[in-house]
**Q** 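Attaching a single structure in structure tokens format; questions to follow.
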Amino acid sequence: MEFDYVVIGAGSAGCVLAARLSEDPAVSVALLEAGGSNDRVLNVVPTGAAVHILRANDCNWAFETVPQPGLNGRRGYQPRGRGLGGSSAINAMIYLRGQRQDYDDWAAAGAIGWGWHDVLPYFKRAENNERAGLSPELHGRGGPLNVADLRSPHPFARLFIEAAQQAGLPANDDFSGEVQEGVGWYQVTQKNGERWSVARAYLDPARGRSNLSILTDAQALQIQFEGTRAVGVRYAQAGIERVVRARREVLLAAGALQSPQLLMTSGVGPPNHLQALGIPLVAAAPQVGQNLQDHLDIIINRRVDDSDLLGLSMTGGVKLVRAISRWRRERRGVLTSNFAEAGAFVRTLPDIDRPDLQLHFVIGMVDNHARSLHWGHGMSCHSCPLRPKSRGQLTLASADPRSMPLIDPNFLAHDDDLATLVRGFKLVRRIFAQPAFAPFDGGSLARELYDSQVRTDEEIRAAIRRRADTIYHPVGTCRMGSDAAAVVDPQLRVRGVTGLRVIDASVMPTLVSGNTSAPTVMIAERASDLIRDRGAG
């Protein structure tokens, strides 16, 4: 069990790394994944994500945060993908890159070589955008990651786009184009009406290569070191512990929550924290687990007496049966929905130069991550500050890598985050009150599932503290930079050791202005060139 490269984690980054590195037949690659193959029908049907997101299962780690003072002491929910494809196998499939300034900010902060013009070629290399007429300077054709328009866009998502324009937002038909600001449809990582996870995009075409070994149900327990050089990984599979050795490098791609956890349980992290848990120190890295950032989100739910929207009713049940039949025949209909079909990027203050708030419109009522169900039908709209100023941390509960880490996003630690959420709450109400929604009692607050009595800013702040939670974008816990305190350098090599890189959303210095799946794929695409010494761009 010896390979040139051992990749830990077959999520969005790990699948890209395994596929790209194994393109060279002279190189051998082992890919370790704690979960399974994720090849059942619920992993293929786009709406199947609703089943996986609800609770801990073989596709979802379903972590929780520590109690959050900013959320009245509530514990937040942190679903994370498990199995081939990782979170790309259970997410809402939204394809977004963020704003070009996000990456220029990375470079200015010391992530040299990660500015917008450095990363754009890797976004394009990954992408196969089906929509005709998009700018070839900004979009890719022929890449593994299929990006498509929704096959069966929902009428209520059209109403949302119309209402948002009535509220003063400009139309935008390409959030990954020259300008992000405005309202429009989200593009999705689907192909022919099916979810196109990163595993399907990258790993499936590479499976037949003799130099690639994919080990599922194989949980990494510890990175093995000889001195300060990473030489392999100890993992458990079917109750048996084994070691796989890496001749060249170990590539850690376990995600923003589990990559720092595995570094620390392997002896790379804050010395005092590791000493307190009896973990032998390999390298002092005080910022491992620090700099945790996430998009906090508040949802307004509205009841609508229309069974075309998702919900619980006898009529809805009959329509669901018909929808299943249609998807099986045509790969069209409501089962191809990603739920959050339309959205917007908004500047909530007049003196800022780019959007600071994102909206996701959903064709159903989303309460407690869809874990709390209500009889009837409705719609909802999420709003989240794009660049939160609150910073949290991830630490260990124990030295056992199988235990859940202590996740503390420190939500609403900065007052500006709460102020932006208040402005977002008001904006969503204003959109729902526009003429496009008038036939559905759009102006009546009584139709709100919660907060119908909320009026003042103080009452809105209290409502946010009662109900806000993540929209699933944790990053930053293995920060990339040129300073000595950064966990990884701009080549993603872990400082203080050799033969080890971290390649996933944990290396982002700051959170991008949007969903994080496509940026994570980009990071792995560029990392594969860095590993192969192919330079940048």
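Computed from a prediction, not measured in an experiment: that's the story for all the values here.
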**Q** State which residues pass ring pair (Phe, Tyr, Trp, His ring centres under 6.0 Å) with His369; sequence neighbours excluded, sorted by chain then number.
**A** Tyr77, Tyr472
**Q** Does either side chain, that of Asn91 or that of Arg195, offer a donor lying less than 3.5 Å from an acceptor on the other one?
**A** yes
**Q** Measure the CZ-NE2 distance between Phe361 and His382 for me, rounded to the nearest 0.5 Å.
**A**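 Rounded to the nearest 0.5 Å, the CZ-NE2 separation comes out at 10.5 Å.
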**Q** Quick one about Gln187 and Asn129 (side-chain donor to acceptor, distance below 3.5 Å, no hydrogens or angles considered), yes or no?
**A**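 Checked: Asn129/Gln187 side chains pair up, N/O donor to acceptor below 3.5 Å.
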**Q** List in chain and number order the residues that pass side chain to side chain donor-acceptor pair (under 3.5 Å) with Thr420, two or more places apart in sequence or in another chain; answer none if no residue qualifies.
**A**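 Side chain to side chain donor-acceptor pair (under 3.5 Å) list for Thr420, sorted by chain: Arg423.
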**Q** Can you name the salt bridge (Lys or Arg N to Asp or Glu O under 4.0 Å) partners of Arg402, sequence neighbours left out?
**A** Glu241, Asp400
**Q** Quick check against the 3.5 Å criterion: does Arg200 have a side-chain atom that pairs as donor or acceptor with the backbone of Ser197?
**A**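 A pair under 3.5 Å: no.
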**Q** What residues form a side chain to side chain donor-acceptor pair (under 3.5 Å) with Asn338, not counting sequence neighbours?
**A** none
**Q** What's the separation between atom CG in Asp174 and atom CZ in Arg131, rounded to the nearest 0.5 Å?
**A**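 Interatomic distance, Asp174 CG to Arg131 CZ, rounded to 0.5 Å: 6.0 Å.
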**Q** Could you please spell out the steps behind the side chain to side chain donor-acceptor pair (under 3.5 Å) verdict for Ser259 and Asp504?
**A** CA-CA 8 Å; Ser259 282; Asp504 54 35; 2.6 Å; yes
**Q** About how many Å separate CD of Gln99 and CD of Gln180, when rounded to the nearest 0.5 Å?
**A** 4.0 Å
**Q** Considering residues at least two apart in sequence or located in another chain, which fulfil the ring pair (Phe, Tyr, Trp, His ring centres under 6.0 Å) criterion with Phe123?
**A** Tyr103
**Q** Ala107: what forms a side-chain contact (heavy atoms from CB on, under 4.5 Å) with it, not counting sequence neighbours?
**A**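 So Ala107 forms no side-chain contact (heavy atoms from CB on, under 4.5 Å) with any residue.
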**Q** Can you list, pair by pair, the side-chain donor-acceptor contacts under 3.5 Å of residues 154-161, counting residues two or more places apart and other chains?
**A**
| from | atom 1 | to | atom 2 | distance (Å) |
| --- | --- | --- | --- | --- |
| His154 | ND1 | Phe156 | N | 3.1 |
| His154 | NE2 | Asp308 | O | 2.8 |

**Q** Only counting residues at least two apart or in another chain, list the ones meeting ring pair (Phe, Tyr, Trp, His ring centres under 6.0 Å) with Tyr95.
**A**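 Not a single residue meets the ring pair (Phe, Tyr, Trp, His ring centres under 6.0 Å) criterion with Tyr95.
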**Q** Sorted by first residue and then second, give each salt bridge (Lys or Arg N to Asp or Glu O under 4.0 Å) pair with at least one member in residues 83-107; sequence neighbours left out.
**A**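 Sorted pair list: Arg97-Glu127, Arg100-Glu178, Asp102-Arg354, Asp105-Arg354.
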**Q** Taking atom types as modelled, is there a side-chain donor on Tyr186 or Asn515 under 3.5 Å from an acceptor on the other?
**A**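 Not at all, the side chains of Tyr186 and Asn515 share no donor-acceptor pair under 3.5 Å.
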**Q** Report the residues that fulfil side chain to side chain donor-acceptor pair (under 3.5 Å) with Gln165, sequence neighbours left out, ordered by chain and then residue number.
**A** none
**Q** Rounded at 0.5 Å granularity, tell me how far CD in Gln290 sits from CZ in Arg479.
**A** 11.0 Å
**Q** For residues 370-387, which residue pairs qualify under salt bridge (Lys or Arg N to Asp or Glu O under 4.0 Å), counting only residues two or more places apart or in two chains?
**A** none
**Q** State, yes or no, whether a side-chain contact exists between Trp114 and Met522 at a heavy-atom distance under 4.5 Å.
**A**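 The answer is yes; the side chains approach within 4.5 Å.
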**Q** Under 4.5 Å between any side-chain heavy atoms of Leu396 and Leu406, yes or no?
**A**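 Answer no - side chains too far apart.
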**Q** Between the side chains of Gln293 and Asn291, is a donor N or O closer than 3.5 angstrom to an acceptor N or O?
**A**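 A donor-acceptor contact under 3.5 Å links the two side chains.
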**Q** Which pairs, with at least one residue in residues 295-305 and sequence neighbours excluded, count as a salt bridge (Lys or Arg N to Asp or Glu O under 4.0 Å)?
**A**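 Applying salt bridge (Lys or Arg N to Asp or Glu O under 4.0 Å) to every pair that reaches into residues 295-305, excluding sequence neighbours, yields Asp305-Arg447.
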